[in-house]
Participant: 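The structure that follows is given in the form of structure tokens.
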Amino acid sequence: MHPKVILDQYGLSPKQSLGQNFLHDEGLLARIAAAAEIAPEDEVLEVGPGLGALTRQLCRLARRVVAVELDGRLLPALEGQLAGCANVELVHADVLSLDPTDWFARPYAVVANVPYYITGAILRHLLESHPRPRRLVLTVQREVADRLTARPPQMSLLAVSVQYYGRVRLVSAIKAGAFWPRPDVDSAVVRIDVDEARLGEGDAAGERAFFRVVRAGFSEKRKQLKNNLRQLGLDDEAIAAALAAAGIDGRRRAETLGVGEWERLIGELSVGN
Ligand code: SAM
């Protein structure tokens with residue numbers, strides 16, 4: 001059923017402030033769900049089920065779906081749309097305050113047509129929590145998809161922050177007309193496969209040090225790396241020595257470094273977290 005028809009039945013209209021642009025092409029929804037390669041024993045987190053169009057696809061594939069929706073107005077409609085899905089747990093909450101430990105005991109998959117206004121915050125929140133998602137398939141703004149999949153010399157703090165955890169790739173582009181209401185921007189589906197080595201609790205202190213250095217590196221866009229790294233409270237000599245030992249020219253800018261180079265550099269710097 002078209003989302004407008006469902007909302008009309010409940011006397012509702014979409015809330016732009018919550019990023020409510022609904023997908024309604026069943027074929028497209030099935031392709032998004034298929035991109036997550038969900039196995040029958042998998043558990044899935046869906047952020048923002050909306051009217052349940054994607055949730056219905058996911059409930060056929062996964063053992064369990066936890067669907068977290070912030071807009072309480074949608075819940076009666078959503079419950080109606082999910083009547084045949086016994087393995088879906090609807091949670092009325094802000095995903096950014098959700099503690100995955102309360103819902104998952106082991107790595108899970110995330111599939112979502114995310115509210116665009118908080119894409120970066122959702123990625124940070126889920127990738128920094130435990131257990132970590134093993135895989136994320138997200139519909140995002142096309143421009144954000146390009147930033148997530150960027151390579152040097154076009155890296156950003158967002159690209160490094162996500163590529164630190166795993167491999168990011170573009171699954172497909174989606175035209176604005178696939179959504180109702182139609183957004184002003186084009187969209188794309190991206191898939192993030194978290195590295196096996198990052199799935200455990202791992203080295204929390206090393207992770208904090210990594211992000212401290214990367215944030216310093218990106219702090220002033222036009223400045224060379226060796227100047228931005230002064231923010232870490234290190235003297236120029238220590239910075240120059242670490243850069244030389246890592247084989248990185250200090251005149252480069254942060255956006256030219258890949259994750260491997262940041263890791264090499266951090267290995268040479270003595271920074272707390
Ligand atoms: N999954 C549906 C679809 O594909 O048609 C709806 C996607 S719509 C782009 C985003 C959904 O996220 C909306 O239902 C919105 O209410 C919900 N949402 C917005 N902010 C949220 C938050 N902080 N936590 C959980 N859900 C949120």
Side-chain angles (χ1 to χ4, degrees), residues 35 110 114 116 119-128 132-173 185-199 202-203 205-234 236-271 273:
V110 178
V114 296
Y116 290 171
T119 306
I122 292 173
L123 280 166
R124 267 197 308 280
H125 179 64
L126 296 177
L127 287 171
E128 288 172 12
R132 277 206 176 110
R134 175 182 295 286
R135 187 175 303 139
L136 303 93
V137 171
L138 305 175
T139 304
V140 299
Q141 240 173 291
R142 175 70 212 214
E143 181 236 318
V144 174
D146 291 342
R147 281 172 55 212
L148 289 170
T149 53
R151 314 299 316 164
Q154 255 115 34
M155 298 295 280
S156 60
L157 185 54
L158 177 70
V160 178
S161 307
V162 174
Q163 291 176 24
Y164 171 78
Y165 291 104
R167 198 164 78 92
V168 189
R169 64 188 167 84
L170 184 73
V171 175
S172 61
V185 292
D186 279 334
S187 301
V189 181
V190 290
R191 170 168 157 163
I192 303 165
D193 286 281
V194 174
D195 293 341
E196 205 59 41
R198 301 261 185 246
L199 282 178
D203 170 14
E207 213 167 286
R208 280 196 298 276
F210 179 91
F211 284 110
R212 221 185 126 218
V213 173
V214 174
R215 270 197 304 275
F218 277 100
S219 54
E220 288 200 43
K221 208 171 164 6
R222 303 202 180 284
K223 273 198 186 169
Q224 298 175 351
L225 202 51
K226 61 178 183 201
N227 296 328
N228 273 343
L229 292 178
R230 284 185 186 140
Q231 292 220 343
L232 295 168
L234 300 170
D236 287 357
E237 263 174 39
I239 294 171
L243 284 162
I248 296 167
D249 184 336
R251 290 168 302 181
R252 287 170 61 185
R253 291 192 166 76
E255 56 267 32
T256 69
L257 269 67
V259 171
E261 289 181 300
W262 284 111
E263 286 188 305
R264 252 188 6 244
L265 175 60
I266 284 136
E268 300 296 339
L269 283 167
S270 316
V271 285
N273 47 67

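Heads up: numbering here begins at 1 and tracks the sequence.
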Participant: Nearest 0.5 angstrom please: Arg215 CZ to Gln231 CD, how far?
Facilitator: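 If I round to the nearest 0.5 Å, the distance is 10.5 Å.
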Participant: Using a 4.5 Å cut-off on heavy atoms from C-beta on, say whether the side chain of Lys226 contacts that of Arg251.
Facilitator: yes
Participant: Please check if atom CZ in Arg264 has more than 12 non-hydrogen atoms from other residues, nucleotides or ligands closer than 6.0 Å.
Facilitator: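 Correct, the count exceeds 12.
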Participant: Counting C-beta onward and ignoring hydrogens, is there a side-chain heavy-atom pair between Glu261 and Arg252 closer than 4.5 Å?
Facilitator: yes
Participant: Would Asp195 and Arg167 satisfy salt bridge (charged side-chain N to carboxylate O under 4.0 Å, His left out), going step by step from the backbone distance to the final call?
Facilitator: CA-CA 7 Å; Asp195 293 341; Arg167 198 164 78 92; over 6 Å; no
Participant: Please report the shortest heavy-atom distance between Ala145 and Ala188, naming the atom on each side.
Facilitator: CB-CB, 3.7 Å
Participant: With heavy-atom distances below 4.5 Å as the criterion, would you say the side chains of Leu234 and Leu269 are in contact?
Facilitator: yes
Participant: Measuring from atom CZ of Arg253 to atom CG of Asn227, what distance do you get when rounded to the nearest 0.5 angstrom?
Facilitator: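 Interatomic distance, Arg253 CZ to Asn227 CG, rounded to 0.5 Å: 9.5 Å.
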Participant: When rounded to the nearest 0.5 angstrom, what distance separates OG1 in Thr256 from CD in Gln224?
Facilitator: 10.5 Å
Participant: What verdict does the side-chain contact (heavy atoms from CB on, under 4.5 Å) test give for Tyr164 and Phe211, after you've listed the backbone C-alpha separation in whole Å, the side-chain angles of each residue and the deciding distance to 0.1 Å?
Facilitator: CA-CA 10 Å; Tyr164 171 78; Phe211 284 110; 3.7 Å; yes
Participant: Do Arg134 and Leu199 have side chains that approach each other closer than 4.5 Å (heavy atoms only, starting at C-beta)?
Facilitator: yes
Participant: With the side chain counted from C-beta on, respond yes when Arg151 and Gln163 share a heavy-atom pair under 4.5 Å apart, and no when they do not.
Facilitator: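 Arg151 reaches Gln163 side chain to side chain.
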Participant: Could you check Arg198, Arg212, Arg132 and say which one makes a salt bridge (charged side-chain N to carboxylate O under 4.0 Å, His left out) with Glu207?
Facilitator: Arg132
Participant: Does any non-hydrogen side-chain atom of Leu127 lie less than 4.5 Å from one of Val194?
Facilitator: yes
Participant: Counting C-beta onward and ignoring hydrogens, is there a side-chain heavy-atom pair between Asp249 and Leu243 closer than 4.5 Å?
Facilitator: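 The answer is no, as the side chains (C-beta and beyond) never meet within the 4.5 Å cut-off.
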Participant: How far apart are the closest heavy atoms of Val171 and Val190, and which atoms are they?
Facilitator: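 So the two residues come closest at CG2-C, 4.1 Å.
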Participant: Can you tell me how far OH of Tyr165 sits from CG of Leu123, rounded to the nearest 0.5 angstrom?
Facilitator: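 The distance works out to 10.5 Å.
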Participant: To the nearest 0.5 angstrom, please state how far the OG1 atom of Thr149 sits from the CD atom of Gln154.
Facilitator: 10.0 Å
Participant: Can you spot which of Leu158, Leu225, Val160, Asn228 makes a side chain to side chain contact (heavy atoms under 4.5 Å, CB included) with Phe218?
Facilitator: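 Of the listed residues Leu158, Leu225, Val160, Asn228, the side chain to side chain contact (heavy atoms under 4.5 Å, CB included) partner of Phe218 is Val160.
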Participant: Roughly how far, to the nearest 0.5 Å, is the CG atom of Asp146 from the OG atom of Ser156?
Facilitator: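 So the OG of Ser156 and the CG of Asp146 are separated by 11.0 Å.
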Participant: Looking only at heavy atoms, which two atoms of Tyr116 and Ser187 are closest? And how far apart?
Facilitator: OH-OG, 2.6 Å
Participant: Less than 4.5 Å apart, any side-chain heavy atom of Phe210 and any of Leu265?
Facilitator: no
